[in-house]
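The structure appears right after this line, and notes come after that.
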Amino acid sequence: MDNKFIANILREIGEILEIQGENRFKILSYNRAADILENYPYDLEEIVERDPKLLLEIPGIGDSIAEKIEELVLRGEIKFHQQLLKKFNHKLLELLNIRGIGPKKVRLFSVQLGIEDIEQLEAAAKSGALATLPKMGKKSESEILEAINEYKQHKLRYLLPYGLQTAEKYIAYLSKSPDIKKVEYAGSLRRRKETVGDIDILTTGKNKNKIMDYLCSFPGVTKVLAKGSTKSSVLDETGIQIDLRIVESDEYGSALQYFTGCKDHNVAMREIAKKRGYKISEYGVFKKEKKVAGKTEEEVYKIMGYPYIEPELRENRGEFEAARAGKLPKLIEYKDLKGDLHMHSVWSDGSQSIIEIVKQAKKLGFKYIAISDHSQSLRVAKGLDENSILVQIEEIQRLREKEKDILILTGAEVDILENGDLDFSNKILSKLDIVIGSVHSKFRLPRDEQTKRVIKALNNPYLKILGHPSGRLLLKREPLQLDMEAIIKEAAKNKKILEINSNPQRLDLNDYYIKMAKDMNVKFAINSDSHHTDQFAYLKFGIFQARRGWLEKTDVINTSNDILKAFKT
Ligand SMILES: [Zn+2]
Ligand SMILES: [Zn+2]
């Protein structure tokens with residue numbers, strides 16, 4: 001049971017209480033506890049095992065919440081939470097997944113209009129009933145309708161790490177079967193798309209029925225949806241559907257190629273095959289009736305006259321043309337990264353001290369890091385003013401003197417304000433090694449205003465990197481309304497670096513615009529944006545995204561051994 005799980009349960013209690021209109025202070029104490037524990041650096045389970053009284057030493061945790069945490073860790077559930085859930089309509093909680101809807105609104109809708117689920121909410125929005133409620137109106141009504149559509153579209157998709165973890169669990173299990181020879185996942189997961197739906201797994205092996213029995217008896221399977229001798233579908237406990245196919249070993253390569261997709265890439269492959277007098281399918285490449293390739297993917301591409309094309313490039317975005325011209329990129333790899341330029345410490349909303357961060361970064365072999373805490377908006381909330389960054393700079397410089405194996409850069413992630421100004425004065429910015437500018441507010445400005453805002457920021461001489469450029473949160477918040485092409489052009493003109501934010505919920509910039517920017521010679525930084533050093537692990541996903549955008553080592557600034565020199569070029 002990790003801290004996030006515990007925080008989520010406390011948050012859910014807070015949400016239910018708020019929807020029920022309970023005491024404000026009680027609600028607040030649950031929300032605050034969830035906020036604190038979500039990023040709490042020490043393992044709560046361990047603390048409880050050592051001595052539950054230690055929970056009271058965590059700031060913001062009082063007797064009642066501490067008792068609940070203890071109960072959860074020791075018994076696996078909280079009685080109070082279970083009682084709440086028993087009396088409560090679960091479907092109301094689902095409404096909280098819709099952008100712009102919090103517990104207060106859910107209460108308003110359920111008390112005033114008797115709304116019990118998303119379908120009823122959608123109907124109420126369409127009929128105009130929502131607009132008549134207090135503090136609502138035509139505009140918020142149409143925003144809710146739009147958000148409901150968004151939610152429905154995203155519902156059956158999962159973030160990449162979640163899909164990857166689930167797939168790897170099945171691969172590890174299936175690999176143990178003596179009947180299975182080869183096993184691998186295909187589909188959009190293999191192409192490292194940022195969200196995934198169903199997971200496709202391919203195997204070869206003799207005893208097909210035994211393999212299928214073996215799959216269905218996996219402890220993580222909650223339901224067998226279909227069971228055949230060559231294809232079965234099961235539902236995993238995460239809610240993700242797994243499709244397993246058993247193919248012959250001489251068609252494994254063509255099946256892998258076929259089921260990896262994408263569809264458009266495969267359509268183009270079929271055209272190419274036709275021109276060469278072949279027929280291609282999941283079963284192989286055929287000349288008349290004779291099979292001429294199919295055992296490996298390499299063989300399939302080769303007979304078509306192509307080199308192997310990496311799965312991340314198979315989006316029919318010019319990969320065949322590039323291959324014909326001998327210009328397929330040599331894609332960047334994780335080992336090429338030499339440092340990370342975006343992370344948060346306790347100076348803003350991170351959960352560790354700078355020293356703790358440096359220790360972990362050294363362990364991972366980083367050559368440099370930039371501490372880039374938030375600007376004034378978040379510091380004010382902590383009772384710090386603009387000048388606190390000067391004290392922070394001193395702390396970093398002292399540490400820099402001591403640490404010879406790693407270069408610690410002074411930095412900040414500075415809000416881009418509504419008018420395009422940055423949230424620190426130029427005087428302060430001039431003292432920093434690296435300035436990341438990011439939009440953290442006013443997400444719904446009209447397209448031309450939003451574009452002007454970011455373009456103005458790209459003209460600040462101190463801004464080096466544009467952080468998470470589109471502002472999207474996958475499956476949750478749509479990207480800002482921006483003329484991204486204009487922004488990329490401005491970045492190219494002013495030699496600004498675009499961030500590939502590796503947080504799996506962001507993966508921002510997206511692959512399409514990465515490629516566009518690369519074609520305009522823009523450089524990138526692949527950053528973790530970590531708020532705890534565990535999140536350095538996100539960098540792997542940033543690399544995936546960069547590969548989908550055709551990036552090579554030389555396109556990415558933090559592959560350089562000498563970052564200060566790289567900034568100057
Ligand atoms: Zn940010
Ligand atoms: Zn950040």
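Ligands are counted one by one from 1 in listed order, and the atoms in each one are counted from 1 as well. This is a predicted model, so every value here is computed, not measured.
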_For F541 together with F544, are the ring centres under 6.0 Å from each other?_
yes

_To check your reading of the site, what angle at the Zn ion (ligand 2) do NE2 of H342 and OD1 of D529 form, to 10°?_
80°

*Which of parallel (below 30°), tilted (30 to 60°) and perpendicular (above 60°) describes H440 and H374?*
perpendicular

*Pi-cation contact, F443 with R477 (under 6.0 Å, within 45°)*: yes

*Looking from the Zn ion (ligand 1), what is the angle between NE2 on H440 and OE2 on E413, to the nearest 10°?*
100°

*From H468, does some N, O or S atom reach closer than 2.8 Å to the Zn ion (ligand 2)?*
no

*asked:* What I'd like to find out is whether the side chain of L432 reaches to under 4.5 Å of the side chain of Y462, using heavy atoms alone.
replied: no

*Under 2.8 Å from the Zn ion (ligand 2), is there an N/O/S atom belonging to H374?*
no

